[in-house]
Amino acid sequence: MREMKFCPSCAAPLRPKKVEGRVRLCCEADGCEYVFYDNPTPVVAALIEHGGTVLLVRNKEWPEKWYGLVTGFLEKEESPEEGVLREVREELGLRGEVISLIGAYPFPEMNQVIIAYHVRAHGEIQTNEEIAGVKAVPPDKLRPWPLGTGLAVRDWLARRAEEPGTVA
């Protein structure tokens with residue numbers, strides 16, 4: 001759980017309490033019914049097809065050998081499709097089109113839910129300050145990783161194998 005200590009409604013201390021079968025932080029003040037649910041944050045991810053390859057990126061905060069999909073937080077009043085195309089544009093300077101929804105994936109390690117899309121992108125790659133590196137990987141050399149956006153890569157590869165020519 002996030003480190004919340006006080007109720008945002010009345011400023012009374014929050015204490016763990018069982019609510020709907022789970023332990024939640026609840027306000028202990030009489031008459032205040034505030035419950036902190038600690039809901040996961042929605043994140044969009046793009047498996048980017050660009051010039052016959054899949055683009056993987058390395059965030060400047062990640063270890064040297066870590067690469068993954070372009071990701072970012074969904075913004076207020078933005079659809080997931082709009083958000084994923086915004087992230088592709090912001091991080092790589094590319095114009096994109098959503099081809100399909102790959103899936104939604106829990107990422108409990110970061111208290112996030114990842115909404116992943118297959119995006120076909122066009123243009124010249126121009127990274128922003130968040131990106132330390134880009135790899136263009138042929139789809140037949142792409143390998144999924146065991147958590148987070150790696151699950152979307154796994155599902156995209158499986159769908160591509162089942163339906164050649166329809167996904168990539």
Side-chain angles (χ1 to χ4, degrees), residues 1-5 8 25 36-168:
M1 286 187 176
R2 292 185 191 144
E3 289 298 317
M4 282 200 52
K5 296 180 181 182
L25 291 177
F36 178 59
Y37 285 95
D38 199 21
N39 294 325
T41 303
V43 170
V44 290
L47 186 144
I48 303 170
E49 183 184 351
H50 182 261
T53 65
V54 172
L55 299 181
L56 300 179
V57 298
R58 184 171 72 80
N59 185 290
K60 70 177 184 177
E61 303 296 325
W62 296 352
E64 189 72 29
K65 294 185 179 188
W66 281 18
Y67 282 79
L69 302 184
V70 165
T71 59
F73 296 109
L74 190 60
E75 294 183 359
K76 183 178 179 178
E77 299 180 5
E78 182 176 60
S79 73
E81 294 85 356
E82 291 167 337
V84 77
L85 294 177
R86 175 185 47 76
E87 287 294 337
V88 169
R89 190 173 52 253
E90 287 177 1
E91 294 189 14
L92 296 177
L94 299 173
R95 296 177 326 279
E97 62 179 308
V98 171
I99 303 303
S100 64
L101 172 68
I102 299 171
Y105 304 91
F107 192 26
E109 296 84 356
M110 297 293 290
N111 193 28
Q112 298 171 347
V113 60
I114 299 168
I115 306 164
Y117 290 91
H118 172 201
V119 173
R120 190 167 292 132
H122 312 278
E124 185 178 331
I125 297 170
Q126 297 177 359
T127 61
N128 72 6
E129 68 282 350
E130 292 179 45
I131 304 300
V134 178
K135 281 186 184 180
V137 181
D140 61 332
K141 302 285 187 200
L142 187 61
R143 299 294 175 261
W145 43 97
L147 52 90
T149 59
L151 305 179
V153 171
R154 175 201 66 199
D155 291 351
W156 182 81
L157 287 169
R159 194 172 310 145
R160 184 174 181 269
E162 292 168 5
E163 305 169 24
T166 61
V167 177

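Computed over heavy atoms, backbone and side chain alike; hydrogens, waters and symmetry mates excluded.
- The two atoms that bring Ala121 and Val88 nearest to each other are CB-CG1, 4.4 Å, heavy atoms only.
- Within the 4.5 Å cutoff, the side chain of Arg89 has no heavy atoms near those of the Arg95 side chain.
- Counting heavy atoms from C-beta on, the side chains of Leu157 and Pro144 come closer than 4.5 Å.
- For Pro106, the side-chain contact (heavy atoms from CB on, under 4.5 Å) partners are Pro108, not counting sequence neighbours.
- For residues 68-80, the set of pairs meeting the salt bridge (Lys or Arg N to Asp or Glu O under 4.0 Å) definition, not counting sequence neighbours, comprises Glu75-Arg86, Glu78-Arg86.
- Residues Ile48 and Leu92 have side chains in contact (heavy-atom distance under 4.5 Å, counting atoms from C-beta outward).
- Trp145 meets the side-chain hydrogen bond (donor to acceptor under 3.5 Å, both in side chains) test with Thr149; sequence neighbours excluded.
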Checking Phe73 against Gln112 for the side chain to side chain contact (heavy atoms under 4.5 Å, CB included) test, could you report, in this order, the C-alpha distance in whole Å, the side-chain angles of both residues, the deciding distance, and whether it holds? CA-CA 9 Å; Phe73 296 109; Gln112 298 171 347; 3.6 Å; yes
Please lay out, stage by stage, how Val54 and Leu47 fare under the test side chain to side chain contact (heavy atoms under 4.5 Å, CB included). CA-CA 7 Å; Val54 172; Leu47 186 144; 4.1 Å; yes
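- Here the CD-CZ distance, from Glu49 to Arg120, works out to 4.5 Å after rounding to the nearest 0.5 Å.
- The minimum heavy-atom distance between Gly96 and Val119, with the atom names listed, is CA-CG1, 4.0 Å.
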Donor-acceptor pairs are to be reported for all side-chain atoms of residues 55-72 against protein atoms at under 3.5 Å, with residues two or more places apart or in another chain.
unit_1: Arg58; atom_1: NE; unit_2: Glu64; atom_2: O; d: 3.3
unit_1: Arg58; atom_1: NH1; unit_2: Trp62; atom_2: O; d: 3.3
unit_1: Asn59; atom_1: OD1; unit_2: Glu61; atom_2: N; d: 2.8

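- Heavy-atom minimum distance, Ser79 versus Leu74: O-CD1, 3.5 Å.
- Counting heavy atoms from C-beta on, the side chains of Pro40 and Met110 never come closer than 4.5 Å.
- In this structure, Pro80 and Tyr117 have side chains that are in contact, with non-hydrogen atoms separated by less than 4.5 Å.
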What donor-acceptor contacts under 3.5 angstrom involve side-chain atoms of residues 122-140, with partners at least two apart or in another chain?
unit_1: Asn128; atom_1: OD1; unit_2: Glu130; atom_2: N; d: 2.9
unit_1: Asn128; atom_1: ND2; unit_2: Glu90; atom_2: O; d: 3.0

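- Checking side-chain atoms of Arg143 against main-chain N and O of Arg154 turns up no donor-acceptor pair under 3.5 Å.
- Using a 4.5 Å cut-off on side-chain heavy atoms (C-beta onward), Ile115 and Leu101 make contact.
- Pro146 meets the side-chain contact (heavy atoms from CB on, under 4.5 Å) test with no other residue; sequence neighbours excluded.
- In this structure, the side chains of Phe107 and Val113 stay at 4.5 Å or more apart for every pair of heavy atoms.
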